Amino acid sequence: MVFRNEDLPALFHHTDAVAVARQREAVNTTRVQLALLVAGAVPTALPWSGQDGPAARLLHVVAVLAYLGVLFTTYLASRRKAKSHWQLNRSAAEFIKSLCWRYAVHGSPFDTATPHPEALFANRLEEGLQELRKVGWSDPREAMAESGGAVITDAMRALREKAFTVRKETYVRDRLIEQRRWYRRRRLVSRRGALVWSGAVVALTLPALALSVPAAFGAGRSFGLTGVLSAAGAACLAWNETRRHHPLISAHSLVEEDLESMQAAMETTLTERQWPVAVFETERIVSPEHTDWLARHRT
């Protein structure tokens, strides 16, 4: 049996789509703000910026517009709260996905001996979403009522009714291995990003240093270009920190190692009695909260 994201309920797909859209908005807003700050510093560094004339005034107008753009995007970001909505909807989507997988493959607390698994699923789902609503998550279920879409899908029920060996094979292949591949891809992306943006900081700092050293010893004059290089270097550094490339390399590597160990156990020594707890532990490992904790505390 094959179980994919398409087999998850409409509530997951809605929250996942909102999370992706808000993430794109938050990232683009930060990118635009940093670019405008650098653009605002460029006109003052040009040789003819201090002269009087239409060209010089135009340069200063460009700088003014750039700084106004920074203020406008900052105000807009404070009103829309894209980053907060992105994180809340991502947490909701991953919580729903994890709960659905645990239900479908008899993971704890939905093991085989559970008398009323559907009722327990509904209670756990409501409890988790209630916690997210407390911190600002917007519940879309009322707006989605007309479109229907049960939280427990037919595919989830079909997988739950399969034998242990089928459920295990499906979970290992379509959940655990897929998550391992995802973390591996993200680790490689983070490593490339860290190299690119750290290299950009060095590439911008070295010429700024070369221009500043002669002026420091009185052997030359100060250049306005130094300020532009500093602003650009600061923007690259801020972007690298915003994307958290360095901490995510370590966090994703650790999660991938844990999943590899869990996969080896599931495919060899794990018994049906141990299965519910193993699934629960695997879902804990792949949760965004666990990755975020590793990224913040792993040195």
Side-chain angles (χ1 to χ4, degrees), residues 3-5 8-30 81-105 107-109 121 124-140 151 171 174-191 193-194 240-263 278-299:
F3 191 90
R4 303 295 188 189
N5 279 349
L8 294 169
L11 181 60
F12 163 77
H13 294 290
H14 178 88
T15 53
D16 181 65
V18 173
V20 170
R22 289 307 183 98
Q23 178 184 12
R24 186 180 297 114
E25 179 183 348
V27 170
N28 287 338
T29 298
T30 302
K81 297 181 174 60
K83 183 177 180 180
S84 175
H85 289 298
W86 155 32
Q87 294 173 338
L88 286 171
N89 280 280
R90 175 52 54 208
S91 295
E94 295 303 322
F95 167 72
I96 295 166
K97 185 177 184 178
S98 176
L99 204 66
C100 289
W101 268 109
R102 282 190 278 155
Y103 169 86
V105 299
S108 180
F121 179 91
R124 290 300 178 94
L125 179 68
E126 190 59 38
E127 289 173 2
L129 296 183
Q130 176 62 27
E131 292 300 313
L132 288 170
R133 285 195 295 269
K134 289 180 182 178
V135 292
W137 179 64
S138 179
D139 194 336
V151 178
Y171 183 79
D174 295 340
R175 177 60 165 164
L176 196 154
I177 293 178
E178 283 297 316
Q179 285 298 120
R180 276 191 62 194
R181 290 172 178 170
W182 186 89
Y183 280 104
R184 184 184 299 114
R185 291 194 300 268
R186 297 310 305 171
R187 175 170 55 83
L188 295 175
V189 168
S190 295
R191 179 172 287 119
N240 195 28
E241 291 298 317
T242 299
R243 302 299 290 167
R244 301 197 305 169
H245 289 304
H246 287 291
L248 285 178
I249 293 172
S250 178
H252 289 163
S253 178
L254 287 174
V255 173
E256 186 184 352
E257 290 174 5
D258 289 342
L259 290 178
E260 184 179 6
S261 300
M262 190 61 71
Q263 179 184 346
V279 171
F280 183 88
E281 178 63 16
T282 303
E283 294 301 318
R284 184 193 67 81
I285 291 172
V286 301
S287 68
E289 293 77 13
H290 180 65
T291 302
D292 185 64
W293 185 88
L294 290 174
R296 285 187 287 110
H297 296 285
R298 175 71 173 177
T299 57

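We number each residue from 1, following the sequence as shown. Model, not experiment: these values are computed from the prediction.
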Trainee: Please confirm whether the backbone N or O of H246 pairs with a side-chain atom of S250, one donor and one acceptor, at under 3.5 Å?
Mentor: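 No, because the side chain of S250 does not come within donor-acceptor range (under 3.5 Å) of the backbone of H246.
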Trainee: Would you check if S84 and R22 make a side-chain contact, meaning some heavy-atom pair closer than 4.5 Å?
Mentor: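 A side-chain contact under 4.5 Å is absent here.
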Trainee: Only one of E94, R175, M262, R180 clears side chain to side chain contact (heavy atoms under 4.5 Å, CB included) with V286; which?
Mentor: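 It is R175, the one option of E94, R175, M262, R180 that forms the side chain to side chain contact (heavy atoms under 4.5 Å, CB included) with V286.
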Trainee: Not counting sequence neighbours, which residues clear side chain to side chain donor-acceptor pair (under 3.5 Å) with R184? List them please.
Mentor: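 Here the qualifying residues are E256.
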Trainee: Can any side-chain N or O of T282 pair as donor or acceptor with the backbone N or O of A278 at less than 3.5 Å?
Mentor: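 Flag set: sc T282 to bb A278 pair under 3.5 Å.
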Trainee: With side chains defined as the heavy atoms from C-beta onward, is the minimum distance between D174 and W101 less than 4.5 Å?
Mentor: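 In short, these two side chains touch, coming nearer than 4.5 Å.
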Trainee: Rounded at 0.5 Å granularity, tell me how far CG in L88 sits from OG in S138.
Mentor: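 Between atom CG of L88 and atom OG of S138 there are 10.0 Å.
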Trainee: Nearest 0.5 angstrom please: L254 CG to I249 CD1, how far?
Mentor: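 L254 CG to I249 CD1: 12.0 Å, rounded to 0.5 Å.
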Trainee: K97 versus N5: any side-chain heavy-atom pair under 4.5 Å?
Mentor: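 Sidechains of N5 and K97: in contact.
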Trainee: Which heavy-atom pair separates S98 from E283 by the least distance, and what is that distance?
Mentor: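 That would be OG-OE1, 2.9 Å.
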Trainee: Are the side chains of H85 and V18 in touch, meaning some heavy atoms are under 4.5 Å apart?
Mentor: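 Answer no - side chains too far apart.
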Trainee: Look at the side chain of D292 and the backbone N and O of P288, then say whether any donor-acceptor pair between them is shorter than 3.5 Å.
Mentor: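 Judged by distance alone, no pair lies under 3.5 Å.
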Trainee: Stepwise, does the side chain to side chain contact (heavy atoms under 4.5 Å, CB included) test hold for L99 with F12?
Mentor: CA-CA 11 Å; L99 204 66; F12 163 77; over 6 Å; no
Trainee: Test side chain to side chain contact (heavy atoms under 4.5 Å, CB included) on R243 and V27; report intermediate values, then the result.
Mentor: CA-CA 9 Å; R243 302 299 290 167; V27 170; 3.1 Å; yes
Trainee: In Å, rounded to the nearest 0.5 Å, how long is the span from CG of L248 to CZ of R191?
Mentor: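 Reported value, rounded in 0.5 Å steps: 12.0 Å.
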Trainee: Kindly indicate, with the supporting measurements, whether the criterion side chain to side chain contact (heavy atoms under 4.5 Å, CB included) is fulfilled by L8 and I96.
Mentor: CA-CA 9 Å; L8 294 169; I96 295 166; over 6 Å; no
Trainee: Write down the atom of Y171, the atom of V279, and the distance for their closest heavy-atom approach.
Mentor: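 Minimum heavy-atom contact is OH-O, 3.7 Å.
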Trainee: Check salt bridge (Lys or Arg N to Asp or Glu O under 4.0 Å) between R284 and all other residues, then give those that pass, not counting sequence neighbours.
Mentor: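 With sequence neighbours excluded, R284 shows a salt bridge (Lys or Arg N to Asp or Glu O under 4.0 Å) to E281, given in chain and number order.
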Trainee: Would T15 and F95 count as a side chain to side chain contact (heavy atoms under 4.5 Å, CB included) if you check the C-alpha gap in whole Å, the side-chain angles of each, and the deciding distance to 0.1 Å?
Mentor: CA-CA 10 Å; T15 53; F95 167 72; over 6 Å; no
Trainee: Answer whether the closest heavy-atom distance between the side chains of Q263 and I177 falls below 4.5 Å.
Mentor: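 Q263 reaches I177 side chain to side chain.
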Trainee: If I compare all heavy atoms of L125 with all of V151, which pair ends up nearest, and what's the gap?
Mentor: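 Of all heavy-atom pairs spanning L125 and V151, the closest is CD2-CG1, 3.5 Å.
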Trainee: Of all the heavy-atom pairs spanning G193 and N240, show the shortest one and how long it is.
Mentor: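 Minimum heavy-atom separation between G193 and N240: O-OD1, 4.2 Å.
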Trainee: What is the minimum heavy-atom distance between A82 and E25, and which atoms define it?
Mentor: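 Closest approach of A82 to E25: CB-CD, 3.7 Å.
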Trainee: With D16, which residues qualify under side chain to side chain donor-acceptor pair (under 3.5 Å), at least two apart?
Mentor: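 Expected list: R90.
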Trainee: What distance do R244 atom CZ and R296 atom CZ have between them, rounded to the nearest 0.5 Å?
Mentor: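 Reported to 0.5 Å precision, the distance equals 8.0 Å.
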Trainee: Look up atom CD in E131 and atom CZ in R133, then write down how far apart they are to the nearest 0.5 Å.
Mentor: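 Here the rounded value is 9.5 Å.
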Trainee: Would you name the heavy atoms of S190 and H252 that are closest together and state the gap between them?
Mentor: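 Looking at all heavy atoms of both residues, the shortest contact is OG-ND1, 4.4 Å.
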